[in-house]
Every structure is written in C-alpha cells, then in structure tokens.
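To start, the structure under review is shown below, and the notes come after it.
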Amino acid sequence: MSAVKDAAPPVGARAKLDASRRALYHDLLRQMLHVRYFEEKAGEAYAQGKIGGFCHLYIGQEAVAVGSLAALRPDDYVFAGYREHAHALVRGTTSRAVMAELFGKATGCSKGKGGSMHLFDAARNFLGGHAIVGSHIPLAAGAAFASKYRGTDQVSVCYFGEAAANIGAFHETLNMAALWRLPGIFICENNRYGMGTALERASVVYDISQRSCSYHMAAETVDGMDVLAMYEATRRAVERARAERLPTLLEARTYRYMGHSMADPIHGHYRTKEELEEQKQRDPIAGLRARLEEDGLLDDAQYAELEKGVHAEVEDAVAFAEQSPEPDPAELYTDVYKA
Amino acid sequence: MATRVVMEALSPTMEEGRIVTWLKAEGAAVQVGDVLAEVETDKAVMELQARGDGVLRKVLAPAGATVEVGKLVAVIAAASEDISGLVAAAGAAAPPRTTHPPAAEAAALPRPTAPPPAAPPHATPIPAAEAAWAAGAQSARVATATAGPAASAARVKASPLAKRLARERGIDLRIVTGSGPGGRVIRRDVDAAPVAAAATAAPAAHAAAFEDVPLTQIRKTIARRLVESLGPVPHFFLTTEADMERAWEAREALNALGEEPKISFNDLIVKVVAVALARHRECNAWWQGESIRYFTDVHIGMAVAVDQGLITPVIRNADRKTLREIAAESRNLVERARARRLKPEEYTGGTFSVSNLGMFGIDEFTALINPPEAGIIACGAISQQPVIRDGAVAVRRRMRLTMSCDHRVIDGATGARLLQTVRQLLENPLAMVW
Amino acid sequence: MPVLTYRDALNHALREEMERDPDVFLMGEEVGVYQGAYKVSRGLLQQFGDRRVIDTPIAELGFAGIGVGAAMVGLRPVIEFMTWNFALLAIDEVVNSAAKMLYMSGGQIPIPIVFRGPGGAALQLGAQHSQAFESWLANVPGLKVVAPATPYDAKGLLKSAIRDDNPVIFLEGEMLYNNKGEIPEGEYTVPLGLADVKRAGTDVTIVCHSKTVATAEKAARQLAGEHGLEAEVVDLRTIRPLDTETLLASVRKTNRCVIVEEGWPFCGVGAQVVDEIQRHAFDDLDAPVERVTGADVPMPYNKLLERAAKPSVDAVIGAARRAAYVD
C-alpha cells in the first residue's frame, strides 16, 4: 500500500466548468504544457552537459505555480526556492531568458551569474531563485512588510517545499507575519519528499497547513494537482491579504515526478516506482484536459494547437540559449557592489 | 524523425558513464520515458530514459562500454526510417571504450583500475605495473636538478628596508654588522655604515634545471593509502606451504554431492582461517593506537577485484558457518560487489582478511594489511610439486601461504602459531569437524 | 562645538537620516518602547511612530531576513542586533541573502541595508557575549564592514552607511557608548572606506579600529613620553573596503608596524593588513610586522583572566618596542 494519503480524488458528480471562462482554462492549460515541455527540454540539455550544477525540475507540480500565479497582479511580489523555473516562466520571464540562464549565458535573466537556482526578474517583481531551504521565507515577508509600510495593496507570495516547514526561518516568519498583519501568502508545495526524506519521517504533523494554528493564521489545504483549485484558493488568500492585510498559509498537495535534482534517482530507496505511477494518475495536465473535453470546452485540434505553440517557443529558447554568448570575463568582478 | 540517444550527464560532475546493461534490445518498440539502459555514473547507477518514441533501431555502445557524456549510444527511429547516416557519423567518431577485466587493464591504463587483489583491501592499490608506469612517466619529466645558488653560506640577514637602502647607497651588506635579532642588519646599521666601493656583484642565479609536476588525484590517493599502510604499520611476513591433497579430496567429495552452490578453495580458505582465528584470538584484533581490540567473533574480509579497484566484503562469524553457507554468501557478496551494490556494513567491520591470487597462477605473494586489522593471509595457486614424503619423492598438491602481521599486535611466534593451525587444518580438514 | 556621547551621536545619525528619507526605518529587539537596549534609539519611537520604529520578537534570523526582503523592494532598513553575538543566528540572511543578492541577480537587486549593534567584549559577560566578528564578516564579498571609534566617526559613518546602496555591517562598541567627543553643528558625513590618522608619528605605525583606537592612542602617549618613540596611530574605521593607501603611506614613512585588534588572531583583520603590507611595502619594512590581538581562547569570566585576554596598552608598547628594535 502506498504511504501517500493523497490518492486521485474519486470520480463523481461535479459542477460543469463555466463556459464563459474558456479562455482562462485554455491559458492555464497552455502554461502547464509550457512549463512541462520547458522542463523536459531543460532535462535533455542537462543530460547533454549544456546545463551544469544542480538542476531541479518541476515536472508534476505545474498546477501549483500556474494556478496560484494566475491569481496575482503584475505588481505583486513573488519569491521562490531553487525549483523555480516554472515560477519565473509563468510570471512572464521569457523562455529565452530562463533557458539562457540555465545555460549560464550572458543573455540569461541573471546574466549567467545565477544559474538554475537563482533566477531573478526585477521588472516582473520575480525576486528569486533562493537555494538555502527556508531562507527566502523571511525575504517574502520583508516585501509584504514594504507593502504595508508604503500603504499599497501589493501582496507577496512565497513558494517553498514542505521540508522548509521544519526550519526556524519558517516559524519566525509566520509568527511575525501574523503578528504584524503582513500581506503575505505562504504557499507550501508539499511534494512529499525533502530530497529523499518522506514528510512523515521529518515532521510529526502530517498536515502542513496545521502549522498555521501556532500563529493564528488562516490556512487551507489544496489539491496541488488541480490547477483550478489552486487558482481559487490563491484568489481567496489574495483577497484576504489585500482587503484585510492578513497572511495565509496554503498547503498544496502535489508530487514531483523527477528525482530531487537531475543528479538524483527518480525512485529507489525512498519511494517506489508503484507510488510514482499511482501519483501520475493525478497528473495536472491530463486532469484539466479531461475535464475540459468532458465539458465540451476543448477538442483534440485545440489541444494540439496549444502543444504546438509551446513546443515552438521552447525550442526557440533552446536555440537562443545555445547561440547566446558566454558572459564577458570582465563580468566576474561586476555586480559585487552597487556603485 | 530519429531520436539520438546520447550518454547523458546524470550528475553534476559526470564526464563519462558506463552502460551497465541494456534493458531494451535492438528492435524493441520504445516510448518517451521508457528506461532503455542502466548507466553507472560516478555517483550511482542511474536510468537512461528514452526521449523519443519509436523503435530502438541501433545500439552503438554495448553493455560494459564507457562513453563520454554527449556521445551517441543508440538510435531510436521509426521502423522504416533510414538511420545509416547517423550510425555512420557515430562510427567515425571515437569508439566507446570497453571496460576490461581488471587484471588485464592495470598494466595498460593510467587510471585507478583494479589490480590483482594483493593490496590492502579498501585502499586504492599500487600494482607493480602501474607503479612502473607512473615511475616511467615521472622519470621522463625529471631533469637534472642542480644545486641552488651557492651563496647560502654567505647570506646576510637584513631587513627588506636595509637591503633596499644598501642597494641604493652602494653599501656591501656583508661588511655591515647587524644589531637586530640574530645579527639582522636593520636600517640604523646601514645608516651607520661607510659607503664602500662598488659592491661585489652577486652571482647570477641559475635558471631552474628541474620541473615540478603537480600530483594528479590518483597519484595523491595512491601515495596517501600506501603510506597509511606500509608507513605506520610495522609489517613482517611469515610464509608456509601446506599440503592440499586432503583439502582437494574433501572439496571434490563435497561437490560430488551435487548440492549448490559449489564450494571453492577460496571458501575453504575463509573457513579454515576463521576457525584458526577462533583458536588464536591474539591475532583476531585491531590496532587502535592507544589500545588493542581483541574480538570474540571472527569476521573475515575477502579481497575482491572490481572494475574500479578493490573492495573487501566481510563474511561475518565465518568460523561458525558451514562451507556451504560461506560459499553461498561469498558468491552473493562478490556479485553485488561487482555491481557496486554493497551496503557499507557489508564491506566494513572485518577482523582479519584473506587474499587469494591462486586463480591467476601466482605462486606466492605478500598482501598489505587493511588497517586497523592486524593481519592478512595471502594464498597462492595450488600446484603439483615433487616433495619428499616418507623418504621417497612424491607428487603432491601444494599451496603457499604468506601472512602479513602488524608487529604492534602480533609477535613472530604468535603469528607462527596461527599460520601453523591454518596449515594443519588445510592438511586435515576433518579436524575442523571433530 | 557640542560634545556628545558615542550613543547620542548614533542616535542623531538615525534621527537625521529618518527625517531625510522616508524609506529608512529601524527594526530590532527593544528599539521602540524600551528605547533601545543601549538607548541608541531613545526618542525615535516618539518621533517617528511604530510604523518606522519596529519592535521585534527575539527572532534574529526572521527579522534580519524581513529587513533584506524590504531592501529588495527598495526600502532602506536599519536592522539592530541587540549585540552581534545574537547575529550569528541571522548569519544566513546576512551572508547568503544580503551579500550575494546583487551578484546572483546579475546586478538587478541591490540591498541597501545596515545591520548594526554592539560587538566585542564589554566587562565580565563571559564567552558567549564577548567576541569580535569583524574578520568573519569582512571575509564576505558584497558586505561592507564599518567599526567606528569616536562619536564623530560614529555619526558620520552611520549616515554614510544608511545612504549606501550595499549591505553595511556596522559594529559599535558597548564600551564606547559613553565616550564623549566633539560633533560639529549641522550636516556632515564620513565616507566609507577611508582610514584616519588619529596621531601622527615617525617611528612605528599602530593600526587599530573601534575600541583598540583608545588602546593605541594611550600606548602612543606612553611610547612618546617614556620610550622615546613617536607612534603614528591609524584608525581603519572601515575594515572592508580597506584603505590600503593610507595604511601603506604610513608604513612607508615609519618602516614598522603593529596591528591591534580585539578579535582572535587566526585569520584576523591583522592578518589581512599584514598581507597588504608585505606585498606592497616589502622593501620599506625594517622589522617584522607585530600583532596584538585578543587571546586565542573563548573569553573567560574572571576579571583578571578577562583582562589578560584583551589587547592591552602594555602589549602594544611591547610590540612597538620590538618593532623598533629598542629591546
């Protein structure tokens, strides 16, 4: 028996999707396809030695970033961990800029100095790309603090894994965010494994959302494989943050299909192939596609069209990254200090 | 369109990978995500997945081959598609390197590959052939180092400032008396010195007539491990020869029963050494610097050659196991050692080791101790020899055994008693039973 | 000229910069209602309100990170650590976030933040409360490290630190807060990265910063009065970037150097200064460079042992005499 409590939801009567929102649904589907294909090509480029270092792929988790980011405004702040290619892409950083960064090229969104784990796009308020587990949770609260300080209604969203819920920075930040009523949305992407350590082997509390109780903070547990559920839950949290200046802890139950990083096995000592296959039945892309088809909002031709579009974009990004120049050697010593 | 299957970089530091096994054969239909092969990286055994749909048309790198990252290892394409161009292009490039059995390779390649298992079991070994290679490579670079500047006896100790001032003022520092610590000439001494005639020019320094070659990683490891064993461990060696006729008969008889697994001489040696150690606990010990740990249980480390070097899986409580049990366990450990699938607890914790090069026809050899163990027994080949027996020349099967002892733990007579018991048990295996 | 304590000089700097720039705010433990653990922030809550003077829970990692996050989106936080001993809990945000953000982001995201508070030993506070972290922090590219000795420098440097677009580590001295000095009327700043010759001399250079400036000055007076040596006292003021120009000019003049610091000797600030001197002023040295440091031990509690563990006037005099070959 699988140790995972989040099996595919039972198929039963459900409300029909709202046909007037067809464009939104298509966009969400396209973005998930975009992220997945981007990550597949990134994995391929890594395997060819074109991407170095650590490279953490997002395949399986697409609904979390796509659904939640759809609920934000362009002037809101976004912070992510080191599995953040998707968040940058969905936020609007171009495929070219992200892929070029993975390739370490001068045209990358961090000029080739950041790499896979340190994507930044200040113009889109995409504020990283942080690779010390939990260290960016206070940073996101800092941006939320700035909104409150300036009297704006911008919210600050922070993505982190469930393993980060055991680190001090998480607890210190949630306490202060609740104490000071900061407009922060803390999205825990619970993919069940901190590298190879299963949630229940690291945390005595299984439901990460319950951690909010200590801080008197609103919380919700969401099916992180359901992009529409992610979208709606984030909208509720955004409303709470903008209108009432209250933070929210959102726990998204999701699953990563790949190894922790490209250098790690997909399954093995810590999880079984059977569990992986079972979780793939919850696939966010297949799930949305099936629902749209069922409700007559998508046909095969339209799906193929979406796929074709993202393939072209990602392939262009790979070619761009390949052809882009390496950083000038003089760049080594720039950007250490701001003049 | 055909999909090129290349050796993928499956870890940040991987530069090449070895195909462990192909899980799909040529001609098999494959889909994206199917596992095509197992690849051994510098970190683990990982899966190589299909990145395209179609038929695995051509495998270019057979199992066992080591291939650089990015090089083509197979082609996936539609059944009817022409892939000859792709295959030809790959053929033109350097062919994959097949990993040879360790013994054959040691002499040929400048890599940390496995030598015969004579070296300390967990160390990177120094086979003679490789050492010779290294020496050759070094000697080619060693030029004639000459003596440095000859003036050291006449060297004047002076502060940098004093030297500069003397140079500027044309003062010969050799005639200035230093008032600083150890006679160092300092500014006030130079200030007080008379300006001399032009100072004698210092002899021109010779251009360096030698070259310093930085150590490679492998050379560093070899040097470190060798020093760790031979350096601090005061070795001495005891050699004996055992008559193996009865051991031979016993093995033949046991195997004639038809039970699996078959028993090898190696199994017999493990068992005999273990039983002997149980009777001579003074040799079943670890040197721990401040103390000696004598073990009650006997765990025998058994040197096994693997592709990357040597590993010493441990047969625990070997004195209390039957030969059949030892045979089964030993086969299992060796197989998994070669597949690099041993768990750390399976190759650590030995109390004594054996090494056997009989299968290579080595008559006798000395093995390096695997610290903190205090001894290792090295077995040579069993061969028929003329011996004097009851006053007549007889042809008997004989085997030579050499025990390496850490003199801090084992004294000459102590080691001799163990080796004597080993020989007696080999010559009369029934003694183990009765 | 008005005379102010080091504490009030810092207070004035904070007040003036908060008046000047609405993006500047002060955050830390006890900075508001309590008026500051060392009263550096006295009156600021009353003047600026709790929007800009923010009391925090005891959560150094969290509020240091919140400060860095606020700086990422353009505010100019001043984060007070009650003492630098507690800042070790926040070192990840200081080193991994603040110092590296500009570089990792390819120049997109500067971090204009000041981390300040008292460092070094006070009196009999024991091992965990008595240590100097200059060399740790100055090791990190991306950080600037400032350690003023006088009220004048404290005010001028803090104002510059707050206006700087980089993370600045501002190390105050608990034993310095009550020291008094003249402060000019009106606006002034002291630029970061400039050392100051506190006393001119010809025979030996004494390099120092923060609390050891007073030690060096006292030693210099005694050297002149009792030992016939005129020492030049160079106060680094900023550890990173290091003002090598002023430093080398002095050593080239005196040909001898003693470096005094409160921190531990191994990989200390003095080790870096020696490196600069031996590479750039080798031919000007008439004697090995001497170092006087805190003892290479955790700080003991006992008064006599503690005194023995701190750099003393006598130790500086001894080192200067050795360097000048008087002994």
Side-chain angles (χ1 to χ4, degrees), chain A residues 77 79 101 106 108-115 117-123 125 127-132 134-151 154 156 158 167-177 179-180 182 327 331 333-339, chain C residues 22-23 25 27 50-52 54-77 79 89-90 92-113 140-144 164-168 192-193 240-241:
Chain A
Y77 301 116
F79 293 76
E101 187 60 33
C109 59
S110 304
K111 291 179 13 189
K113 291 179 169 181
M117 302 192 288
H118 303 304
L119 304 174
F120 286 86
D121 189 346
N125 280 350
L127 301 177
H130 303 273
I132 305 295
S135 76
H136 60 302
I137 303 177
L139 302 183
F145 173 89
S147 295
K148 183 185 171 190
Y149 186 90
R150 290 171 167 147
Q154 292 154 285
S156 178
C158 185
I167 209 164
F170 170 83
H171 295 276
E172 294 187 13
T173 304
L174 259 61
N175 180 47
M176 282 183 272
L179 182 69
W180 295 339
L182 302 182
E331 279 290 319
Y333 287 105
T334 64
D335 304 324
V336 181
Y337 292 98
K338 177 92 174 164
Chain C
D23 285 342
F25 66 91
M27 176 181 275
D50 63 5
R51 187 178 79 95
R52 298 182 65 193
I54 301 117
D55 280 322
T56 67
I58 299 179
E60 280 80 7
L61 176 64
F63 70 74
I66 286 174
V68 176
M72 287 178 79
V73 299
L75 296 183
R76 307 186 80 86
I79 301 296
L89 291 159
D92 176 49
E93 296 296 359
V94 175
V95 174
N96 273 319
S97 296
K100 298 174 183 169
M101 202 72 73
L102 183 71
Y103 197 84
M104 294 194 301
S105 66
Q108 294 180 78
I109 303 178
I111 307 292
I113 195 170
V140 183
L143 298 180
K144 295 185 178 181
D164 199 280
D165 283 332
N166 297 285
V168 179
L192 306 186
R240 185 183 184 123

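For clarity, every value in this text was computed on a predicted model and none was experimentally measured. In what follows, every chain begins at residue 1, and chains take the letters A, B, ... in the order their sequences are listed.
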If you tally heavy-atom pairs under 4.5 Å against chain A, which of [options] wins?
options: C/P241, C/G62, C/P112; result: C/G62
options: C/G65, C/A64, C/G74; result: C/G65
options: C/A70, C/G142, C/G107; result: C/G142
options: C/V68, C/D92, C/I111; result: C/D92
options: C/G67, C/P22, C/A59, C/S97; result: C/A59

I need the minimum non-hydrogen distance between [X] and [Y], along with the two atoms involved.
X: C/E93; Y: A/P138; answer: OE2-CG, 3.3 Å
X: A/D121; Y: C/Q108; answer: CA-OE1, 3.5 Å
X: C/I109; Y: A/L127; answer: CD1-CD2, 3.7 Å
X: C/D165; Y: A/K338; answer: CB-CG, 3.6 Å
X: A/A146; Y: C/V73; answer: CB-CG2, 3.3 Å

Counting only non-hydrogen atoms closer than 4.5 Å, does [X] touch chain A with its backbone (N, CA, C, O), its side chain (CB onward), both, or neither?
X: C/S105; value: both
X: C/P167; value: neither
X: C/D50; value: neither
X: C/K100; value: neither

Tell me, side chain or backbone of [X] under 4.5 Å from chain C's heavy atoms, or both, or neither?
X: A/N125; answer: neither
X: A/S147; answer: neither
X: A/A169; answer: both
X: A/E101; answer: neither
X: A/F170; answer: neither

> Between atom CG of A/L139 and atom CD1 of C/I66, what is the distance when rounded to the nearest 0.5 Å?
Replying inline: 9.5 Å

> Roughly how far apart are C/E60 CD and A/E172 CD, rounded to 0.5 Å?
Replying inline: 7.5 Å

Counting C-beta onward and ignoring hydrogens, is there a side-chain heavy-atom pair between [X] and [Y] closer than 4.5 Å?
X: C/N96; Y: A/S135; value: no
X: A/D335; Y: C/M104; value: no
X: A/H118; Y: C/Y103; value: no

>> If we ignore hydrogens and angles and just use 3.5 Å, is the side chain of A/Y337 paired with the main-chain N or O of C/L143 as donor and acceptor?
In response: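 Flag set: sc A/Y337 to bb C/L143 pair under 3.5 Å.
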
>> Is it true that, when you exclude A/L179 itself, more than 12 heavy atoms of the residues, nucleotides or ligands shown sit nearer than 6.0 Å to its CG?
In response: yes

>> The test is side chain to side chain contact (heavy atoms under 4.5 Å, CB included); show your working for C/T56 and A/W180 and say whether it passes.
In response: CA-CA 10 Å; C/T56 67; A/W180 295 339; 3.8 Å; yes

>> With side chain to side chain contact (heavy atoms under 4.5 Å, CB included) as the criterion, how do A/H130 and C/M101 come out once you've worked through the C-alpha distance, each side chain's angles and the decisive distance to 0.1 Å?
In response: CA-CA 9 Å; A/H130 303 273; C/M101 202 72 73; 3.6 Å; yes

> Which residue out of A/H171, A/H136, A/R150 racks up the most heavy-atom pairs below 4.5 Å with chain C?
Replying inline: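 Maximum pair count with chain C is reached by A/R150.
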
> Between C/I54 and A/F145, does a side chain to side chain contact (heavy atoms under 4.5 Å, CB included) hold up when you go through it step by step?
Replying inline: CA-CA 11 Å; C/I54 301 117; A/F145 173 89; 3.4 Å; yes

> Does NZ or CZ of C/R51 fall inside the cone over A/Y149's six-membered ring, less than 6.0 Å from its centre and within 45° of the axis?
Replying inline: yes

